[in-house]
Amino acid sequence: MDYMSSGAKYTPKVAMEFESEHFLQVSDNKKLEKKKSPGKIGAVIGVVIFVAVIALMTGLLVWHFHFRKEQINKRMYSGSMTIENQVFENAYENSSSPEFKALAQQVLRDLKVIYSNNPKLKKYYVGSVVQAFSEGSVIAYYLSEFKVPAGQEASVDNAMDDLDIAVKRTLESPKRPANTLEIRKMRASVLDDRLLSTYFKKNLRYSEHTKPNVVSWIKSPGFPDTPYTPNTFIQWELRGDRDNIIKLEFDTMNLEENCKHDFVKIYDSLVPMESRALEELCGHYSRTAPLTFYSSGNVMLVTMGTNDDLDSIGFLAKVSQIPPGTISKSCGSKLTGTRGTFSTPNYPNYYPPKIDCAWEIEVPKDKAVKVTFKKLLLAEPGQEDGKNCNKDYVMIDDGKKLCGENLKGTLVETSKTNKIKVSFHSDYSYVDRGFLAEYEAIDIKDPCPNKFLCKNQWCIDRNLTCDGWNDCGDNSDEENCKCSSDKITCKNGLCKPKFWKCDGVNDCGDNTDELNCGLCKSGEFACKNQKCVSEKKVCDERDDCGDSSDELNCKGKSNLECSDITYKCKNNICINKVNPECDGVKDCEDGSDEENCDCGKKKLKSTVRIVGGQDAEDGEFPWQVSLHVKSYGHVCGGSLISPKWVVTAAHCVQDDGSIRFSRPETWEVYSGLRDQNRNGDPAVKRTLKRIIPHPYYNAYTFDNDIALMELNSPVSYSDYIQPICLPSAQHDFDIGKSVWITGWGATREGGSAARILQKAQVRLINQMVCNDLMKGQVTSRMFCAGILEGGVDACQGDSGGPLSCPESNGRLFLAGVVSWGDGCARRNKPGIYTAVTKFRGWIKEKTGV
C-alpha cells in the first residue's frame with residue numbers, strides 16, 4: 001500500500017462566477033468572422049507551436065516526477081506506555097508466549113488509533129513492533145516506524161512529544177472500541193541512528209532476570225579470550241522482581257576509544273529510548289574504579305554496537321537487584337553542628353536516575369550557613385553550561401539552581417539565617433557523578449575574619465589581593481586595583497607581574513602584556529634566531545631568516561635545507577612541518593616520522609574528572625616508574641622509554657657517603673605502580689643491569705642533569721605499563737602550554753612523601769623570564785615550568801620523573817626530567833627541568849631508542 005494514499009488530496013477549484021462578467025462591444029464584426037482555411041505558413045507555425053508545447057509539458061512532467069522526487073527518510077521512534085487496566089503476568093517476559101502476543105496485538109491496534117488522531121503522524125506512519133513488557137501496572141515498550149519527507153522531521157518529533165494529547169483524544173472519543181486499553185504516561189523519542197537494523201550485519205538479544213541476594217554476570221561475546229564480534233548490535237534485557245531496582249557494576253570495560261566506532265549504552269528502560277539513556281561508554285576503564293549504575297524501576301537495558309574492526313576484549317559486568325531504600329538512606333537528611341560534609345548518593349560514582357534528595361542544614365542561631373561545593377558534576381546534554389538547569393540540578397532554598405561541571409571548589413552559597421536547604425533532583429536521562437559539599441557555620445556580620453571576602457564567598461588572605469593572581473577563582477580579588485610599580489597595568493584594569501611581559505602568553509586578557517615586545521617592526525617577521533625579515537618573505541621557498549624558521553609549516557614545497565630547528569627524516573631530508581613525529585600523517589618520504597610510535601598513550605580511561613595536585617588514577621601515566629633503594633624505599637622517579645630503558649636525573653645516581661647510588665645493585669625499579677604500599681600486580685619489579693649518567697653532568701649547577709638506566713630484563717607492556725614518546729631534537733614545545741608533572745615526592749616543602757602517585761598541571765615558562773627569576777642559573781639545557789602564583793610544583797622525591805607534554809595527536813611526549821628548584825611551590829619560583837630535546841642524540845646513541 002502506498003504510505004501516502006491516506007493523506008489529503010488536492011482538488012482544483014472548478015466553480016465559475018458569471019455575475020460580474022462583461023462582454024465588450026466589437027466595433028468590427030469582420031474580425032469575428034470565421035476564416036475559411038489557414039494559410040500554409042500559419043499551418044506550419046501552428047504545428048511547431050503544438051510540438052513545442054508538447055515537448056515543454058513532457059519535460060516538465062519528467063522533471064517533476066523524476067528529478068523532483070521527494071526525499072523520504074526512515075525515522076524510528078522507541079517508546080513506552082503504561083497500561084492501567086492490565087495486570088502483569090510472568091508470561092509477558094517471554095515474547096513467544098500466547099499471552100505476550102495477545103497483549104502485543106492490542107497495543108499495536110491502539111498505537112495505530114492514537115497515531116491516526118494526529119494528522120502529522122497519520123500521514124507518515126508505517127508500523128510498530130512491541131519489544132517487551134514490564135510491571136507497573138503493565139508497561140509496554142515498542143518501536144514505531146515512520147517515513148517522513150525531508151524537512152518534516154522536526155514537526156513529527158514535536159507531534160511525538162505530544163503523544164499524551166493524542167492518547168487523551170482516543171480515550172475520550174465516543175467511537176472508542178469497548179476493549180481499548182487504558183493508556184497513560186506515553187513517551188517516545190527518536191532512535192539513535194546507529195541502532196537502525198540496517199547499520200549492523202548481526203543482531204543479538206539476551207535477557208536476564210535477577211533474584212534476591214544473587215549476582216548474575218553479563219559479558220560481551222568472546223570475553224575475555226577473544227575480541228568481541230564485529231559489526232554487531234547486542235541487547236541485554238535486565239529485570240528484577242517487583243519493587244526492586246537493578247544495580248549494574250562493570251568489572252571490566254575495554255572498548256575502542258572512539259564511541260562512534262564501538263560503544264556500550266545503558267538505558268533505564270527495556271527499549272533504547274534516548275529520553276531514558278543513562279550513559280554511553282567506550283574506551284578502557286580501570287578495575288579499581290568500577291562503573292556502577294542504578295535503574296529507577298525493576299528493568300534496565302544494556303546495548304552494545306561494534307564496527308568492522310577487531311581489537312578489544314569487551315566488557316564484564318555484575319547484575320543484581322536491591323531495594324530502593326538502599327539508595328534513599330544516603331539521599332538527604334537533617335544536618336546540624338558547626339561543620340560537616342554531604343554528597344549525592346554513591347558519590348563519586350554515578351547517582352541513580354529519577355531521584356530527589358533534600359538536606360536541611362541548621363547551625364547555631366547567631367551564625368549563618370556557608371556551603372562549598374568541592375566538586376559538582378551534573379553535566380548532561382543540553383545543560384553543560386550550567387545555566388539552563390532544567391534536568392539534573394542542585395537547588396538552594398527552593399530558588400537558585402546549580403548544574404553543569406565545576407571542579408575547582410569555587411562554588412559557594414551562603415545563607416542569610418542559620419538555616420539552609422539544599423535539594424538535588426535527577427530526571428530519567430543521563431546520570432553523572434553528582435557533588436561533594438561541605439558546610440560550616442560563619443559569622444553573619446563578619447564571614448571572613450581578618451581575611452578578604454571574595455564575591456563567590458571564598459575567604460583569602462588580604463595580602464593576596466591585587467597581586468596579579470586570581471586567588472578567589474572569580475577574579476574579584478583583582479578588581480578595582482591600583483597597580484604597584486613592579487606590576488603591568490593592563491588596559492582592562494588588571495595588574496599582572498612584570499615577568500609575564502612579552503612571554504608569548506596573553507595574561508592580561510586584552511594582550512597589554514604582549515604589546516611592543518619584539519625588536520621587529522610592524523610588517524616584519526621575527527625569526528627564531530632573533531633576526532627580522534619582511535612578512536612578505538615568509539613562505540616564499542627561500543631561507544631568508546638563515547635558520548629556515550620563515551619557511552616552517554608552509555603549504556606547498558615541504559623539503560628545506562637542514563638547520564637546528566627543521567625535522568630531519570631518516571633519509572637525511574629535512575621537512576618544513578613542525579613536530580611531525582607520530583601525528584598519524586606520513587610527512588617523510590621514507591615514513592620515518594611515523595616509526596616507533598607505540599608510545600605516549602594511556603590505555604585506561606579516567607572515571608572521575610579531577611584537576612592538578614590530586615591523586616593520579618591507575619594507568620593514567622603508565623610510563624612513570626618509581627626508583628627504590630633496596631631496603632629503603634622510593635627515592636626518585638623515572639620515565640619508561642622502551643621495554644628495557646628508563647630516563648631519570650643524573651643527580652639521583654650520584655654517590656652520597658656510604659650509599660652507592662651509582663651502582664646498579666643499589667636499585668629496584670617499579671613499573672605500573674600507583675600506591676607505594678601496594679607494589680604487587682599490576683606493578684612489576686626489575687633490577688638494573690647498568691646506569692649511564694651524562695658524562696658532563698655538573699653537580700654544582702645541575703647542568704646536563706640526565707641519566708639512563710638499563711633493566712636486567714625487559715618489562716611487558718600492559719594497561720598499566722607503557723612507554724612515553726621521545727621528542728625529536730627539533731621538537732618545539734610551545735611556551736605557555738599546559739603540561740603534566742607526576743611523582744611520589746613530598747606534598748609540601750619539608751613534608752613527607754606521597755603514598756599515591758600525584759599529578760599536577762603546570763605551564764611552560766619563557767626562557768628569558770625563567771632565567772631572570774632564577775638569577776641567571778638556567779642554562780640552555782634547562783627550562784622552567786610551574787604556576788608562578790605558587791602552590792603547585794614538583795618537590796623532593798619527584799626528581800628524575802617525567803614532565804609529560806600532550807600534543808594534538810593525543811600522545812604525550814617526554815619534554816623534561818625533574819631536576820631542581822628553589823624550594824617547592826613557592827611564588828615566582830618555578831621548577832627547573834632538563835630539556836630532553838637537547839639530549840635526543842645521546843639517548844639514541846646509548847639505547848638505540
Side-chain angles (χ1 to χ4, degrees), residues 283-286 288-289 348 374-375 377 405 407-409 433 599-627 634 636-640 646-649 670-678 682-683 719-725 733 737-749 751-764 784-787 789-807 810-819 821 824-825 830-831 833 836:
H284 192 176
Y285 291 81
S286 168
T288 57
K374 308 303 288 183
K375 296 281 190 299
L377 298 168
E405 185 173 297
L407 298 162
K408 299 176 181 178
R433 303 285 175 172
C599 61
K601 281 205 169 186
K602 60 182 181 181
K603 297 292 185 180
L604 296 176
K605 205 164 189 175
S606 176
T607 56
V608 182
R609 290 153 285 179
I610 54 179
V611 179
Q614 302 266 355
D615 294 351
E617 293 194 57
D618 274 323
E620 191 172 4
F621 298 92
W623 40 85
Q624 174 83 47
V625 301
S626 175
L627 303 180
H634 173 84
C636 279
S639 304
L640 192 70
V646 168
V647 173
T648 187
Y670 286 88
S671 301
L673 185 67
R674 175 176 179 263
D675 186 337
Q676 289 288 344
N677 291 351
R678 297 177 61 188
D719 295 338
Y720 307 91
I721 302 174
Q722 294 286 323
I724 191 169
C725 294
F733 294 104
K737 188 169 189 175
S738 290
V739 292
W740 289 101
I741 51 174
T742 49
W744 290 273
T747 52
R748 61 183 176 82
E749 190 172 339
S752 58
R755 180 173 67 87
I756 305 296
L757 179 65
Q758 297 294 293
K759 67 175 185 178
Q761 270 192 305
V762 294
R763 76 179 192 179
L764 300 179
C784 294
I787 302 294
E789 62 262 46
V792 181
D793 195 7
C795 205
Q796 289 82 9
D798 291 323
S799 291
L803 183 140
S804 308
C805 182
E807 294 292 3
R811 299 182 188 277
L812 280 86
F813 284 76
L814 183 62
V817 175
V818 178
S819 183
C824 301
Y833 299 81
V836 174

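Quick caveat, the model's predicted, so the values are computed rather than measured.
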Could you check Gln758 against Asp615 for side-chain contact (heavy atoms from CB on, under 4.5 Å), going step by step and ending with a plain yes or no? CA-CA 5 Å; Gln758 297 294 293; Asp615 294 351; 2.7 Å; yes
Going by the rule disulfide (SG to SG under 2.5 Å), which residues pair with Cys725 if we only count those two or more places apart in sequence or in a different chain?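 Expected list: Cys599.
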Closest heavy-atom contact between [X] and [Y]?
X      : Y      : answer
Trp623 : Lys601 : CZ3-N, 3.9 Å
Ser799 : Ser819 : OG-O, 4.1 Å
Pro806 : Leu812 : CA-CG, 3.9 Å
Trp744 : Asp798 : N-OD1, 3.4 Å
Ala616 : Ile756 : O-CG2, 4.3 Å
Leu814 : Pro802 : CD1-CB, 3.6 Å

Quick check against the 3.5 Å criterion: does Ser804 have a side-chain atom that pairs as donor or acceptor with the backbone of Ile741?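 Checking the backbone N and O of Ile741 against the side chain of Ser804, no donor-acceptor pair under 3.5 Å is found.
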Tell me whether Gln676 contacts the main-chain N or O of Arg674 through its side chain, where contact means a donor paired with an acceptor under 3.5 Å.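 No; judged by distance alone, with no hydrogens or angles, the pair does not exist.
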Taking the basic N atoms (NZ, or NE/NH1/NH2) and the acidic carboxylate oxygens, is any pair closer than 4.0 Å for Glu405 and Arg433?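 Looking at Glu405 and Arg433, the cut-off is not met.
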Is the shortest side-chain heavy-atom distance between Arg755 and Asp675 below 4.5 Å?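 Yes, their side chains come closer than 4.5 Å.
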Could you walk me through whether Val817 and Thr648 pass the side-chain contact (heavy atoms from CB on, under 4.5 Å) check? CA-CA 7 Å; Val817 175; Thr648 187; 5.5 Å; no
Report the distance from atom [atom1] of [X] to atom [atom2] of [Y], rounding to the nearest 0.5 Å.
X      : Y      : atom1 : atom2 : answer
Phe621 : Thr742 : CZ    : OG1   : 5.5 Å
Lys759 : Glu620 : NZ    : CD    : 3.5 Å
Leu803 : Leu764 : CG    : CG    : 6.5 Å
Gln624 : Leu757 : CD    : CG    : 5.0 Å

Quickly, which of Leu627, Val818, Val625 forms a side-chain contact (heavy atoms from CB on, under 4.5 Å) with Cys636? Name it, please.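 Single pass found, and it is Leu627.
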